[in-house]
2 protein chains.
Amino acid sequence: MSKKPLILVTNDDGITAPGILALIEVMETLGDVVVVAPDSPQSGMGHAITINNTLHLDKVSKKGEKTLKYSCSGTPADCVKIAVNEVLDRKPDLCVSGINHGSNSSINVIYSGTMSAAIEAGIEGIPAIGFSNLNYNWEANFEASKKYVKRITKNALKHGIAEGVILNVNIPDLEEKDIKGIKVCRQARANWKEKFDKRKTPQGKDYYWLTGKFVNYDNGSDTDEWALKEGYVSVVPVQFDLTAHHYMQQLNTWQLND
Amino acid sequence: MSKKPLILVTNDDGITAPGILALIEVMETLGDVVVVAPDSPQSGMGHAITINNTLHLDKVSKKGEKTLKYSCSGTPADCVKIAVNEVLDRKPDLCVSGINHGSNSSINVIYSGTMSAAIEAGIEGIPAIGFSNLNYNWEANFEASKKYVKRITKNALKHGIAEGVILNVNIPDLEEKDIKGIKVCRQARANWKEKFDKRKTPQGKDYYWLTGKFVNYDNGSDTDEWALKEGYVSVVPVQFDLTAHHYMQQLNTWQLND
């Protein structure tokens with residue numbers, strides 16, 4: 001039995017994405033690694049799970065390769081569920097998701113497949129971190145990211161992460177020398193102003209592509225958007241208790257039982 | 001111009017589900033109603049959005065029908081986005097989602113397409129409520145639900161809902177005389193213990209169905225699970241700021257910048 005931590009790696013860009021390869025490379029220096037990741041890109045899948053369809057799981061690591069790798073036909077949240085139940089022989093010590101190609105800062109956490117995998121692990125009581133790099137390109141450079149992924153993961157393994165909390169880490173698209181450090185932040189108040197690109201099928205019927213513009217309403221210097229703009233890596237602790245506790249008293253003044 | 005509130009109705013079970021028909025019936029007594037709902041069931045879709053595929057929108061209400069109805073090929077969150085941007089000529093005064101066939105209490109809020117539609121509306125600054133009935137069957141009886149849907153919606157229209165808060169309403173599967181009233185609650189700490197049903201394809205390859213058992217770890221009498229078990233309608237105020245504010249101080253004691 002190895003005493004190294006058992007680390008589950010997943011993502012939402014699919015098991016062949018350069019971002020997950022960078023993440024696996026770092027994790028192999030920190031523990032025993034098992035990869036269960038989607039067989040195709042799953043961006044924007046939010047916390048979707050597959051309940052009306054079958055799931056397929058394929059071992060894709062080669063004979064002799066030290067890290068076991070599986071591709072799964074499901075969503076990022078499915079990957080964590082099937083890894084814990086059908087692949088791993090014990091509960092992992094950590095689950096890391098990413099490195100996502102593109103930001104999951106502020107409101108993007110809600111739409112993010114990367115973060116849904118990490119949050120699913122958190123729900124199952126596994127310490128978890130989602131990592132994202134602000135560069136959307138498949139050719140993004142992950143060299144600087146790897147340094148920060150390693151530092152944050154080492155801290156998480158050393159200190160532990162409280163139950164019910166998951167870390168959402170975003171890394172600016174900068175060279176290592178230009179990254180100023182790491183900041184613990186809150187989620188900025190921001191959203192997407194959608195624009196639907198309306199087109200016509202060859203048969204003349206309307207259809208749409210969803211596009212949009214990110215709008216930040218929150219210039220607080222304690223937010224992830226501020227930190228990233230200033231050249232810091234942002235770390236937002238995230239929870240899955242969605243209760244707006246501050247609003248319960250107000251709701252109790254309504255005439256709900258009169 | 002009508003002075004009645006403009007109410008957007010959506011769901012995740014699809015536009016033909018009995019639950020949305022019950023919801024439309026109630027909303028037509030309270031305002032001008034427009035329906036934009038998925039053209040097929042979208043349960044378990046979480047906060048998925050469609051970014052790698054096209055969206056199709058079809059008017060399905062008949063000539064002369066007072067309520068405009070559109071079916072959309074996308075997810076519940078897509079339905080809200082396309083309704084606001086391409087269907088409605090002004091921002092709606094309220095968005096209601098449901099009535100879901102099945103519970104969205106406690107941790108189910110994370111996986112719920114019904115609630116993702118309501119949360120999407122909340123993100124866009126529209127007061128929003130998701131309604132669910134604990135009966136999973138297509139033949140569920142919505143008579144008692146309609147009474148509570150109406151009472152809660154009237155309160156929301158009268159008092160307004162604070163920005164950043166969405167209501168998650170669950171209704172027990174009981175006859176009207178057996179429902180004890182409405183309780184404002186917090187989300188119970190609960191999760192699903194997955195079990196994968198492993199089968200073989202006709203060609204002998206393994207595949208899986210995701211199944212599971214709901215486990216409640218939280219017997220607090222201020223939780224939604226408690227209220228529902230006791231025969232109350234539960235109302236949980238939900239937020240999309242996922243920041244675990246209570247954990248930021250702890251994270252700042254880590255060696256993140258040493």
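Basis for what follows: all heavy atoms, side chains included, without hydrogens, waters or symmetry-related copies. All figures in this text were calculated on a predicted structure; none of them were measured in a lab. Numbered from 1 within each chain, the chains take letters A, B, ... in sequence-line order.
- Proximity to chain A (any heavy atom under 4.5 Å) is restricted, for B:Thr50, to the backbone atoms N, CA, C and O.
- For a residue to count as touching a neighbouring chain, one of its non-hydrogen atoms must lie under 4.5 Å from one of that chain's; by this rule B:Ala156 touches chain A with backbone and side chain alike.
- With a threshold of 4.5 angstrom between heavy atoms, B:Ile82 approaches chain A through its backbone and through its side chain.
- Taking the six-membered ring where tryptophan is involved, the planes of A:His159 and B:Trp254 are essentially parallel, since the angle between them stays under 30° and well short of 60°.
- B:Glu86 contributes no side-chain N or O that, together with a main-chain N or O of A:Lys195, makes up a donor-acceptor pair within less than 3.5 Å.
- Neither the backbone nor the side chain of B:Gln250 comes within less than 4.5 Å of any heavy atom of chain A.
- The contact between B:Lys205 and chain A is made entirely by side chain atoms (from C-beta outward), counting heavy-atom distances below 4.5 Å.
- The backbone N or O of B:Leu242 lies less than 3.5 Å from a partner atom in the side chain of A:Gln187, making a donor-acceptor pair.
- A:Gln255 and B:Lys154 share no side-chain donor-acceptor pair at under 3.5 Å.
- Judged by distance alone, with hydrogens and angles left aside, the side-chain atoms of B:Asn257 form no donor-acceptor pair with the main-chain N or O of A:Gly181 at under 3.5 Å.
- Remark: the backbone N or O of B:Ala162 is paired with a side-chain donor or acceptor of A:Tyr247 at under 3.5 angstrom.
- The part of B:Ile107 that comes within reach of chain A is its side chain, from C-beta onward, which places non-hydrogen atoms under 4.5 angstrom from that chain.
- With a threshold of 4.5 angstrom between heavy atoms, B:Asn53 approaches chain A through N, CA, C or O but not through any side-chain atom.
- Within the 4.5 angstrom heavy-atom criterion, atoms from both the backbone and the side chain of B:Asp241 approach chain A.
- Contact of B:Val165 with chain A is made through the side chain alone, with heavy-atom distances under 4.5 Å.
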